[in-house]
Amino acid sequence: MTRRILLVFAALVIIAIGLAFYALQLRRKVARDEQLAAQQQIAIAPPANGPSTPVTLYVASDNNGALTKTEMNAVLPAERSERDRSILRGLLELYLQPQTSHPIGAGADIRDVYVMGDDTAIVDTNSAFADAHPSGVLAEELTVASIVTTLNANDARIAKVKILVNGQERETLAGHADLRRFYLASNVGQATKDVP
Amino acid sequence: MSLFRRTSRRYLVVLAVAAVIATAFVQRHLVVHAQPSEPSQLTVYSPQTTYSVPVLEKNGQPYVGLVELLEPLGTVDARPDGKKYKLRYTPPGGKPREAQFTEGKDKGKLAGNGYKLPGNFILQSGRGYIPLAVVPDVMLRLATLEVEYHPASRRLFAGNPPERFTLELRKDTTSRLFISFPAAVNPSISTEAGHVHFTFRREPVIPAGADSVKFSDPLITGATFSEQAGVAELDVLGTAPLMANFADGGKTIIVAAAPAPPPPVAQAPEPSAQAPSNVPVPAPPPQKPSTPRFLVLIDPAHGGTDVGAAITPSLAEKDIVLALARRVQRELANRGIAASLLRNSDVALSLDQRAVAVNAARPALYVALHAANTGRGVHVFTSLLPAANLSRQDFLPWDTAQSAFIDLSGSVAGSVAAELEARKMPYTTLVAPLRPLNNVAAPAIAIEIAPATDKVEEIASASYEEQVAQSIAAGIAAIRGKLPEVRP
């Protein structure tokens with residue numbers, strides 16, 4: 001009887017230790033995956049050569065709740081989705097400057113832009129873009145509107161835009177702006193006051 | 001043999017300890033998403049409203065937030081200052097009274113007098129917590145309300161005594177139990193074999209007599225009242241299936257035998273040849289149409305674990321908007337407009353849950369409240385959806401239900417903006433891609449308050465919130481005539 005109890009306990013202990021080891025391995029795997037994902041977020045755009053092209057950015061301002069149209073010249077990649085991505089990265093760069101009128105979370109970046117069916121753009125942002133974005137209806141709306149309007153201004157065929165975070169659909173940007181829907185460029189134009 | 005036994009015992013003890021440690025380790029690392037336990041709550045019944053306050057276990061005893069406790073009853077201005085916490089409570093039409101406590105100390109001041117708490121005062125994220133045990137005393141001294149407290153069930157009756165109901169068993173042709181209340185009640189009712197169970201979540205009811213009553217009746221044999229976790233329950237026992245009916249405008253519930261189920265169709269007798277074929281079937285009594293009413297549903301955004309924007313390290317959006325919602329409700333009431341809150345405590349609701357609750361309530365107007373430290377003043381939003389020429393009587397698409405109401409929503413936003421303008425408050429009117437606004441089948445606006453000046457803390461000041469609340473209420477009152485009333 002005593003031996004039987006001993007055997008059962010020993011078996012239980014072995015199973016428990018095995019499970020603990022398995023749990024430890026799972027934790028390590030999750031940590032590795034997260035590290036890998038973070039590394040993948042810092043994707044580098046291919047170097048662009050060639051003549052500079054006029055670019056239109058719609059820059060948000062929290063102070064007046066408006067988008068300001070800003071013209072500049074930049075050397076852009078020839079490929080359409082890479083070109084759109086470079087423009088949006090330039091837009092986010094402005095928001096990451098210390099003196100910006102529309103701050104967003106540090107480390108925010110555009111992972112990719114996918115153009116589908118000629119008129120639809122899927123903008124894949126990194127985790128920092130959403131996780132560290134200031135929370136608020138106005139702040140989030142301005143970010144979404146400036147992305148959609150800027151894309152449409154530089155690539156007039158883009159009529160619909162969807163924003164993903166780390167390749168995944170998310171309910172809201174930072175608790176407010178709806179990210180489940182496709183935004184119509186024609187509709188978003190009315191979302192903000194356009195300051196020329 | 002005895003040596004073997006002693007050795008075995010030692011092994012057993014060692015192995016048992018190892019198993020416990022290993023199991024604890026596995027639980028610690030393997031359970032990633034543990035379900036949070038159901039938070040306990042204190043239910044407060046006051047003449048103005050019934051509300052629940054979360055009860056938190058801190059330092060080994062239950063605590064409640066001072067602001068959460070007092071805010072539904074009047075105006076609260078709470079200011080944490082370092083380790084000190086000052087609170088001013090003003091009852092409607094009354095004089096303000098103050099409380100002052102210090103974090104980690106059990107001594108403080110209450111309504112001008114020294115006061116000793118049975119545990120240390122806790123200040124966490126700018127919110128002050130007091131032991132639950134002193135809540136009746138605090139309500140009496142600060143809110144000047146007579147209270148009756150049932151500690152086991154955490155039900156607190158403030159201002160008015162509990163409403164006592166009576167049980168009367170009448171034996172006519174059949175036995176019926178009359179449960180009579182001083183005011184109309186609306187409990188949730190469940191029936192099962194030989195039981196009718198009533199759950200009272202909002203009614204301050206207790207029995208006029210004993211908690212448990214037995215009847216010498218072949219049908220209804222007894223009734224048992226119990227209170228637990230902030231709700232009251234009444235269980236009526238019977239020997240046959242029972243059913244409950246309301247009478248006297250909801251003041252009386254009559255429990256009687258449930259009608260026998262209809263005989264199976266196959267066994268139904270053939271119509272008798274003698275039976276007159278032209279006997280008119282009695283028509284059901286005409287349903288009295290419900291009266292249209294004008295209800296504003298106010299939705300303080302976020303709540304629970306969803307704190308919303310962190311306005312300052314100690315000021316969360318969820319708390320600011322709840323306080324603002326209560327002010328708007330009071331201001332609307334002052335203008336004769338009925339309003340209710342989608343959440344009246346610190347609870348989490350998903351966007352879909354909010355939309356479902358709004359559409360089920362069929363309000364004349366939905367107002368979502370947000371707060372942020374981005375921008376200046378008040379931002380008034382309507383949905384970004386384009387207007388659609390849809391009949392409001394039809395089924396509406398879930399994702400674009402608001403399209404049918406965009407014009408009315410715009411009128412409300414314009415009216416509120418005009419009131420903000422009249423009060424010289426900075427404001428912006430915009431459209432926004434905001435849920436659950438898009439899913440609401442009623443005129444709907446969202447209002448986001450931001451600080452009017454560089455002082456971010458002013459967003460939570462009583463005077464600023466009062467000005468915003470008055471503007472919203474006045475804007476709604478001005479447009480009321482143009483908004484259709486809705487049948488509930």
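Each chain gets a letter, A, B and so on, in the order the sequences are listed, and its residues count up from 1. As the structure is a computational prediction, the values presented were derived from the model and not from experiment.
Between B:L384 and A:N187, some side-chain heavy-atom pair lies under the 4.5 Å cut-off. You'll find the side chain of A:H176 reaches within 4.5 Å of the side chain of B:E317, heavy atoms only.
Only the side chain of A:E171 comes within contact range of chain B, judged by heavy atoms closer than 4.5 Å. Interface remark: B:D306 contributes no atoms to any contact with chain A (heavy atom separation under 4.5 Å).
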For a side-chain contact (heavy atoms from CB on, under 4.5 Å) check, start with the C-alpha distance between A:R181 and B:R435, then their side-chain angles and the critical distance, and finish with the verdict.
CA-CA 11 Å; A:R181 55 181 296 189; B:R435 291 188 68 228; over 6 Å; no
Give the C-alpha distance, both sets of side-chain angles, the deciding distance and a yes or no for side-chain contact (heavy atoms from CB on, under 4.5 Å) between A:E141 and B:L430.
CA-CA 10 Å; A:E141 180 208 6; B:L430 292 162; 3.9 Å; yes
Residues B:R376, A:N64; criterion side-chain contact (heavy atoms from CB on, under 4.5 Å); working and verdict:
CA-CA 8 Å; B:R376 286 281 173 271; A:N64 56 4; over 6 Å; no
Can B:L351 and A:T172 be said to form a side-chain contact (heavy atoms from CB on, under 4.5 Å), step by step?
CA-CA 10 Å; B:L351 295 171; A:T172 62; 3.9 Å; yes
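Contacts between residues 97-107 of chain A and chain B, defined by a heavy-atom separation under 4.5 Å, are made by no residue at all.
Interface check for chain B: of the options A:L138, A:D62, A:V144, A:L179, the most heavy-atom pairs under 4.5 Å are formed by A:L138. Counting heavy-atom pairs closer than 4.5 Å to chain A, the top residue among B:D399, B:L437, B:N373, B:T374 is B:T374.
Atoms OG and CD1, on A:S135 and B:I311 in that order, are 8.0 Å from each other to the nearest 0.5 Å.
No donor-acceptor distance shorter than 3.5 angstrom exists from the side chain of A:N63 to the backbone of B:G375, with no hydrogens or angles considered.
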